[in-house]
Structure formats: C-alpha cells, structure tokens
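FYI, side chains are in, hydrogens and waters are out, and symmetry mates aren't considered; it's all heavy atoms of this structure. None of the values given here were measured: they were computed from a predicted structure.
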Amino acid sequence: TGYGLAYIMEEALKENGRSLNGLTVSISGAGNVAIYAAEKVQQLGGKVVTLSDSNGFIYDPDGVNLDTVKQIKEVERKRIKEYVTIHKNAKYTEGCRGIWNVKCDIALPCATQNELDEAASKILVKNGCIAVGEGANMPCTPEAINVLQANKVLFLPGKAANAGGVAVSGLEMAQNSQRLSWTFEKVDAELKNIMVTIYRN
C-alpha cells in the first residue's frame, strides 16, 4: 500500500512536469502504510519530515531516519516519541492535530479516517502544498477535499491511491495458483505498473 501510494503520486506529479525528487513530504502514521510510503518516497528522492502515532508526531528537518523508525516501531514496538532520544535535531509534539501545520510540498495522510479536516487543508494550502494522496481509508473529510480541489491542489483519493495493498494480494494469488514465487523486484515492478495504470485510467 505504501509503495503504491508513492508510485501513483510520482505518476501524477510526472504529468504535471514534476517528480518527488527534491520535494518535502509530510506523512502521518507509523504503521505499515506510512513506513513503506516513506521508504519509497525516499528512494524516489523525496524528503520525509514527519511521522506520527496516536500519541503525537515527530518532525525531523533533516529527513526521517527510517532505520530508527523501523527499530522503534517494528522491532521494539515502542512509541514514535522515542525517535527524538536518538535524533537530537528532531522534535516531538504531543497530539496529532498539528502535523499538517508542518510546511510540506506533499501530504500523505496514512494514519486514520477523517484525520485531515477543513482547517488542516487550509493550512496545507497556505503553506504551499501542491498534492495530497490518501494512504489511509478516507483520511480527508469531504470539507477538506473541497478546499484542496478549490485551490487546485492535486488530490489522489484512497480508492485509487491506496489500492497497492489489494493489488499485491492479487499478485500473490496469481503466484499461488501457478505454484510460482516471484522475486521482490518483479512484484515491485508489477505494482508500479498497476499504480501507473490506475492513475491513467
């Protein structure tokens, strides 16, 4: 899901003569979708500056260190605030509401439903955000979407933007029924194809 989100965003930006390379990206969440969206965004040259959990969010102006995040969230199963004990330049803020106040080019809400509301979308617009892609299911309220679209912010709805998880489940079923096991690279390439096709359609 996270990789797919980054791929469809890259494709949408490409159509507008841009790419993730060199852009600042704000991501909410610190689960599967958020961590792997961050990983692919970084591979595509973007700088991820935020991640969050239900307690609060981190802001790292140097770009989030994913090795640290994976250690904290996937190995130690601790809270995201542990990040700032290791990376002294980073800042932790209690509560998640302020995450969209962080200046960014791209916002990828990957945490929960209705997390990005009308007030938050107005701040994103004011701060020059050019695109929002839904990694979670319905993270943007209808009012937020209206604000984004009225201000010509590129908006990728979850129905398309977070289809990568389901897409790869389909690829797994295809492998299983043929008694095959594809490489990581083949599955990744197939996923990218699927996300590009979804965007085109």
Side-chain angles (χ1 to χ4, degrees), residues 1-53 63-64 66 69-70 73-74 99-100 104-116 124 129-140 144-145 148-149 153-178 180-201:
T1 306
Y3 276 26
L5 177 61
Y7 284 141
I8 200 166
M9 180 57 75
E10 179 78 344
E11 192 60 26
L13 290 169
K14 196 191 294 179
E15 195 169 75
N16 292 278
R18 306 285 295 263
S19 94
L20 281 165
N21 193 28
L23 297 186
T24 299
V25 183
S26 196
I27 299 179
S28 64
N32 229 358
V33 180
I35 288 174
Y36 292 93
E39 183 168 279
K40 188 53 72 175
V41 164
Q42 288 179 348
Q43 287 171 12
L44 294 168
K47 180 162 88 166
V48 177
V49 292
T50 66
L51 284 174
S52 66
D53 59 23
V64 169
L66 274 184
V69 173
K70 287 181 182 181
K73 299 305 288 181
E74 296 180 343
I99 193 168
W100 307 117
C104 63
D105 301 305
I106 310 281
L108 301 177
C110 296
T112 189
Q113 193 172 332
N114 296 328
E115 60 171 300
L116 204 166
L124 285 173
C129 178
I130 60 168
V132 175
E134 293 189 313
N137 290 320
M138 299 192 297
C140 300
I145 296 166
L148 297 171
Q149 292 180 327
V153 174
L154 178 67
F155 175 70
L156 298 174
K159 202 51 123 197
N162 67 24
V166 175
V168 173
S169 294
L171 298 179
E172 284 174 12
M173 287 191 276
Q175 291 169 77
N176 290 343
S177 64
Q178 296 172 78
L180 293 175
S181 183
W182 297 343
T183 63
F184 178 91
E185 290 71 24
K186 178 171 170 58
V187 174
D188 193 32
E190 291 283 342
L191 169 64
K192 183 178 180 183
N193 257 341
I194 288 166
M195 298 314 292
V196 167
T197 303
I198 287 171
Y199 180 74
R200 295 267 154 250
N201 290 343

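- With a 4.5 Å cut-off on side-chain heavy atoms, D188 and Y7 count as touching.
- Put simply, the side chain of L116 does not reach to within 4.5 Å of the side chain of P139, judged on heavy atoms.
- Between the side chain of S28 and the backbone N or O of C110 there is at least one donor-acceptor pair closer than 3.5 Å.
- With contacts defined as side-chain heavy-atom distances shorter than 4.5 Å, the pair I106/L13 qualifies.
- Between the side chain of E15 and the main chain of E11, no donor-acceptor pair closer than 3.5 Å is present.
- Minimum interatomic distance between W100 and L124 (heavy atoms only, all atoms of both residues): O-CD2, 3.6 Å.
- By the 4.5 Å heavy-atom criterion applied to side chains, V168 and I194 are not counted as neighbours.
- With hydrogens and angles disregarded, no donor-acceptor distance shorter than 3.5 Å links the side chain of E39 to the backbone of L66.
- Residues S26 and I99 have side chains in contact (heavy-atom distance under 4.5 Å, counting atoms from C-beta outward).
- Between K73 and L51 the shortest side-chain heavy-atom distance does not fall below 4.5 Å.
- Partners of S181 under the side-chain contact (heavy atoms from CB on, under 4.5 Å) rule, at least two apart in sequence or in another chain, do not exist in this structure.
- Taking the six-membered ring where tryptophan is involved, the planes of Y3 and F184 are perpendicular, since the angle between them exceeds 60° and thus also 30°.
- For the pair E10 and K192, the salt-bridge criterion is not met [side-chain N within less than 4.0 Å of a carboxylate O].
- Looking at L23 and I130, their side chains come closer than 4.5 Å, going by heavy atoms from C-beta outward.
- A salt bridge does not link R18 with D105: none of the charged nitrogens is closer than 4.0 Å to a carboxylate oxygen.
- A174 and S177 make their closest contact through O-OG, 3.1 Å (heavy atoms, listed as atom of the first residue, atom of the second, distance).
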Distance-only donor-acceptor hits, side chain of residues 154-162, under 3.5 Å, sequence neighbours excluded:
from, atom 1, to, atom 2, distance (Å)
N162, ND2, G135, O, 3.2
N162, ND2, A136, O, 2.9
N162, ND2, N137, OD1, 3.3

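- At least one donor-acceptor pair closer than 3.5 Å links the side chain of T183 to the backbone N or O of K186.
- When all heavy atoms of A34 and I27 are compared, the closest pair comes out as CB-CG2, 3.8 Å.
- In this structure, Q175 and V187 have side chains that are in contact, with non-hydrogen atoms separated by less than 4.5 Å.
- Nearest heavy-atom pair, P109 versus V132, reported as atom, atom and distance to 0.1 Å: CD-CG1, 4.0 Å.
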